[in-house]
> 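Please find one structure pasted underneath; my questions will follow.
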Amino acid sequence: MSSLRSRVAAGVLGAGVLAVSLLGPAPAGQARPARTSLTIALVRQLCTGDFFAQWLTGAQAEASALHISLNTSCASGNDAQMVSNGRTAITQGVQGIIFDHGLAQPMAPVVAQALRSNIPVVTFDLETTDTRVTTIDQNDLQLGLQITDAMIADVNGKANVGLAHVGGFLPLDKRKSQWDTVQRFFPGMHQVATWGTVSAATVAAVQNQTVAALTAHPEMSAILAPYDAFALGATNAVAQAHRSVRIYGADISTADIQVMTRPGSPWVATSATDPATVGATAVRAIALKALHRTVPTYVEVNPALVTQSFLRSHHIRNMEDLRRVLPAFAAGDTLPRP
Ligand code: SR1
């Protein structure tokens, strides 16, 4: 009997609320996932835009493959609503919770309440100081390094830079920290303005803000916009203002690829993971934790730098093309299935 089987037989998994049965032996050479009857809550802060749609598709596909019921809520940026959704999941007695984004301060008591209730927790892009939680990210320090490195090389170390940023969002703060370091050590790289909005209408809001910043700063020659909704808004603004400014973004989707490869597009580089892989990783991590397997405290899905010239020269038109041409991009799975 496998150790998991013996623990199930002995009834020691998860305070009696966790029902687990394993499928029969896997065919030779094939890993077969455990069949579970886990109910997992996915508590989301944000859900508008391509990144979040692709992430959810990946999470749902993995949940389906693992026979997990995934109860998904979205707070649409309302932190009090996200807290309430988290508390509802705890009351319902789910076997695990994934918190997706959110601000550290309002979410900390809910995370603590879940852990007190013996409900394992995985966070994606939400800061927590409790090491019982597994935190997943897209290696945002590396992501920030990739786009700032690309910018420095393209402009030969000299640019007046506009920064699109909103503080408090963990991935954005990590990415910005690389830009802060660049300004310290590269005297030709200057920040001349900063702006940003995260809302259900981020692209339009950032477009308006970018037009105002471009008007106020005719010397601006590059924009660091490390979230695709920021980069899309900035791209529209640069066209509207008829300016020649290079944009360095984050994230990727089929729609983003089309914008980046359009003739004359100012969006010249992005650093991105496959969001579907990240969503799948979060589901796998919570399933492993619910089954009392060991999961690292930090799980990072590494991003790849994707430039406009790479997309154009390889005739990449969509995410399927990108996955085929850049295998490292799709190879982000670092956790086994249960
Ligand atoms: C408002 S935070 C937006 C970011 O969250 C995810 O990490 C995506 O990469 C996106 O850029």
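Remember, it's 1-based here, ligands and their atoms both numbered in the order they're listed.
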> Test: side-chain hydrogen bond (donor to acceptor under 3.5 Å, both in side chains). Region: residues 214-226. Which pairs qualify, not counting sequence neighbours?
His217-Glu219

> For atom 5 (O) of ligand 1, which candidate among His165, His101, Gln138 holds the nearest heavy atom?
His101

> Arg175 near ligand 1, heavy-atom distance under 4.0 Å?
yes

> Give the contacting part of Tyr227 toward ligand 1: side chain, backbone, both or neither, where contact means a heavy-atom distance below 4.0 Å.
both

> Quick one: does Thr270's side chain get under 4.5 Å of Tyr248's, heavy atoms only?
no

> Kindly determine whether Thr39 and Ile68 satisfy side-chain contact (heavy atoms from CB on, under 4.5 Å), including the steps that lead there.
CA-CA 6 Å; Thr39 298; Ile68 289 171; over 6 Å; no

> Specify whether Phe124 and Phe51 have parallel, tilted or perpendicular ring planes, treating 30° as the upper limit for parallel and 60° as the lower limit for perpendicular.
parallel

> Run the ring-ring contact (aromatic ring centres under 6.0 Å, His included) test against Tyr298 and tell me which residues pass, sequence neighbours left out.
none

> Less than 4.5 Å apart, any side-chain heavy atom of Thr123 and any of Thr134?
no

> Should the proximity of Ala250 to ligand 1, defined as any heavy atom under 4.0 Å, be assigned to the side chain, the backbone, both, or neither?
neither

> Distance under 4.0 Å to a non-hydrogen atom of Phe169: what atoms of ligand 1 satisfy this?
1 (C)

> Hey, looking at atom 8 (C) of ligand 1, which of Asp140, Thr273, Thr202, Asp251 has the closest heavy atom?
Asp251

> In terms of atom number and element, which parts of ligand 1 are under 4.0 angstrom from non-hydrogen atoms of Asp125?
5 (O), 6 (C), 7 (O)

